[in-house]
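The sequence lines fix the lettering, A, B, ..., with proteins before strands; numbering per chain opens at 1.
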2 protein chains.
Amino acid sequence: MIQALLVEDHDLFAEGMKSMFQPEDGITIVAHTKNGHETPSLLEEHQIDVILMDIDMPILDGVTTLKMIKKRGFDHPTLMLTMHQSMRFVKEALEKGAQGYILKDASKPELIEAIRTVSARKNYFHPKVNEQVFDYFRNRGKSQSGLNELSEREKEIIKCLAEGMNSKAIANALCISEHTVKTHRRNIMHKMHVNTSAELVRQAMEQGIIEMG
Amino acid sequence: MIQALLVEDHDLFAEGMKSMFQPEDGITIVAHTKNGHETPSLLEEHQIDVILMDIDMPILDGVTTLKMIKKRGFDHPTLMLTMHQSMRFVKEALEKGAQGYILKDASKPELIEAIRTVSARKNYFHPKVNEQVFDYFRNRGKSQSGLNELSEREKEIIKCLAEGMNSKAIANALCISEHTVKTHRRNIMHKMHVNTSAELVRQAMEQGIIEMG
DNA sequence: CGTTTAATACCCCAGTTGGGGTATTGTGTA
DNA sequence: TACACAATACCCCAACTGGGGTATTAAACG
């Protein structure tokens with residue numbers, strides 16, 4: 001029996017996951033937390049074979065949580081659960097040492113297969129994610145630059161734009177010159193292949209660079 | 001035993017919901033569809049006491065589905081399930097005849113209470129939603145205008161803006177003059193209390209006016 | 001120890017945006 | 001019928017945006 005820890009903020013989804021697995025599935029969720037901070041202590045209390053980690057959580061998101069527990073010396077195989085099909089998250093999750101990535105609109109058999117694969121320390125990608133990974137490395141080979149890797153500063157600029165600030169306001173807020181803000185914005189727009197700030201914000205939200213509400 | 005129909009596109013969430021209810025809960029999900037279009041035939045095939053309707057679905061969203069089945073003469077009590085805490089959705093769902101509204105981060109007991117309440121044809125609001133409803137009517141009393149009721153045309157303009165179109169491109173796409181586009185955009189920005197198109201798009205996405213990729 | 005990259009800053013400039021007006025038409029509703 | 005409102009269109013104009021450059025500095029990386 002594979003013993004799983006579920007890190008997921010949506011209670012209803014978590015409840016569902018817990019009661020979903022039958023004895024014949026060979027999987028059981030032995031612990032659940034809505035809070036990334038509680039993860040380490042749960043990993044100590046229970047004998048966990050695999051972590052099921054939601055990416056989209058407020059306060060402490062899945063990728064950050066993963067980074068944190070790896071840093072503390074835990075090395076549990078981890079399956080990332082998300083609604084986002086974005087390469088950004090896949091890439092970040094892989095960098096932090098996740099073994100697998102599955103979308104929330106996957107089927108139960110797919111999830112079971114994913115959990116079994118990951119708990120055996122093999123990599124699992126949901127078919128829909130696989131396409132993205134393929135595209136990613138194909139583009140990477142071409143452009144060397146690796147899609148759209150935004151710097152922290154650039155993400156900061158995007159957040160300001162999304163909050164309705166213009167160049168001058170951003171310059172004041174970040175204590176830099178208006179020229180610099182303009183340069184950043186232009187670089188971001190090039191990287192993301194968009195033509196207006198409005199489209200920039202849309203893309204950023206879809207890719208999870210900006211958190212929702 | 002309350003017999004429920006679940007309309008939900010995320011397979012994993014649906015699977016979870018199905019296996020979540022125990023006999024002592026007095027609730028069972030007798031049918032599930034990922035597709036709003038299938039709802040009417042399922043309502044005919046099964047004896048359904050309550051519909052659990054996800055709002056955030058591609059192709060045919062929950063509110064549209066609800067409108068469609070009401071139009072076809074079905075009058076099942078319906079509980080809307082969503083991640084959005086936005087007043088816009090609450091309002092639309094109510095207008096289309098939903099009996100209740102619950103967020104996906106509710107707890108299992110809350111969900112059970114909601115289903116029981118709605119199936120008895122009483123109204124149910126999740127506490128978090130209740131605040132919004134209260135705010136809404138309080139503002140409504142003040143301003144008479146009712147928060148930010150965007151016209152269909154205005155929503156169309158927003159979608160174009162989010163796709164990176166400028167006034168000229170939107171004017172061409174919608175076969176109207178550039179002046180008109182400008183007027184619309186200005187009206188929208190007033191209604192939504194934002195100062196830039198970028199912020200406009202952010203707000204629109206948070207309120208669900210624009211669907212996510 | 002060179003090379004790359006992020007962050008910073010500046011120049012130029014056409015074109016768009018955002019804010020202030022006003023006005024006509026059609027539709028729907030009180 | 002009369003009033004309200006959505007959609008349309010136009011005027012003016014200061015300010016900002018987006019696209020084209022170039023360049024310095026410091027940090028990161030092989």
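- Comparing A/Lys168 and A/Val194, the nucleotide of DNA chain D nearest to each residue sits closer to the 5' end for A/Lys168.
- In the set D/dG19, C/dG19, C/dA6, C/dA6 carries the atom at the smallest distance from any side-chain atom of A/Ser151.
- Distances were taken from every side-chain heavy atom of A/Ser167 (C-beta onward) to each of D/dC10, D/dT17, D/dG19; the shortest belongs to D/dT17.
- Taking atom NE2 of B/His179 as the reference point, atom C1' of C/dA23 lies 13 Å away to the nearest angstrom.
- When each of C/dG18, D/dG19, C/dG20 is scored by its nearest atom to the side-chain atoms of B/Met189, the top-ranked nucleotide is C/dG18.
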(message) Between B/Tyr124 and B/Glu110, is the side chain to side chain contact (heavy atoms under 4.5 Å, CB included) condition met? List the steps.
(response) CA-CA 10 Å; B/Tyr124 178 91; B/Glu110 282 173 330; 4.2 Å; yes
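- The distance from atom CD1 of A/Ile170 to atom P of C/dA9 is 14 Å, rounded to the nearest whole Å.
- No side-chain heavy atom of B/Ile115 sits less than 4.5 Å from a side-chain heavy atom of B/Ile102.
- A straight line from CG of B/Asn166 to P of C/dT17 spans 5 Å, rounded to a whole angstrom.
- Residues B/Lys104 and B/Phe13 form a side-chain contact, since some pair of their non-hydrogen atoms from C-beta on lies under 4.5 Å apart.
- Within the 4.0 angstrom heavy-atom criterion, no nucleotide atom of any strand lies near A/Asn187.
- The phosphate of C/dG18 has OP1 or OP2 within less than 4.0 Å of a side-chain N or O from B/Ser197.
- Taking atom NE2 on A/His184 and atom P on D/dG18, their separation rounds to 16 Å, with Å as the unit.
- As rounded to whole Å, 12 Å separates atom P of D/dA6 from atom CD1 of B/Ile188.
- The side-chain heavy atoms of A/His32 and A/Asp11, taken from C-beta on, include a pair separated by under 4.5 Å.
- The base of D/dG19 lies outside donor-acceptor range of the side chain of A/Arg185, with no N or O pair under 3.5 Å.
- In this structure, A/Lys182 places its NZ atom 16 Å from P of D/dA15, rounding to the nearest Å.
- Side-chain contact check for A/Leu52 versus A/Val118: every heavy-atom pair is 4.5 Å or farther apart.
- As rounded to whole Å, 18 Å separates atom C1' of C/dG18 from atom NZ of B/Lys191.
- Across the protein-nucleic acid pair, B/Glu154 atom CD and D/dT8 atom C1' stand 12 Å apart, rounded to whole Å.
- Both B/Arg153 and B/Thr196 lie close to DNA chain D; mapped to their nearest nucleotides by heavy-atom distance, the more 5′-ward contact belongs to B/Arg153.
- You'll find that the side chain of B/Ser177 is closest to D/dA9, out of C/dC10, D/dA9, D/dG18.
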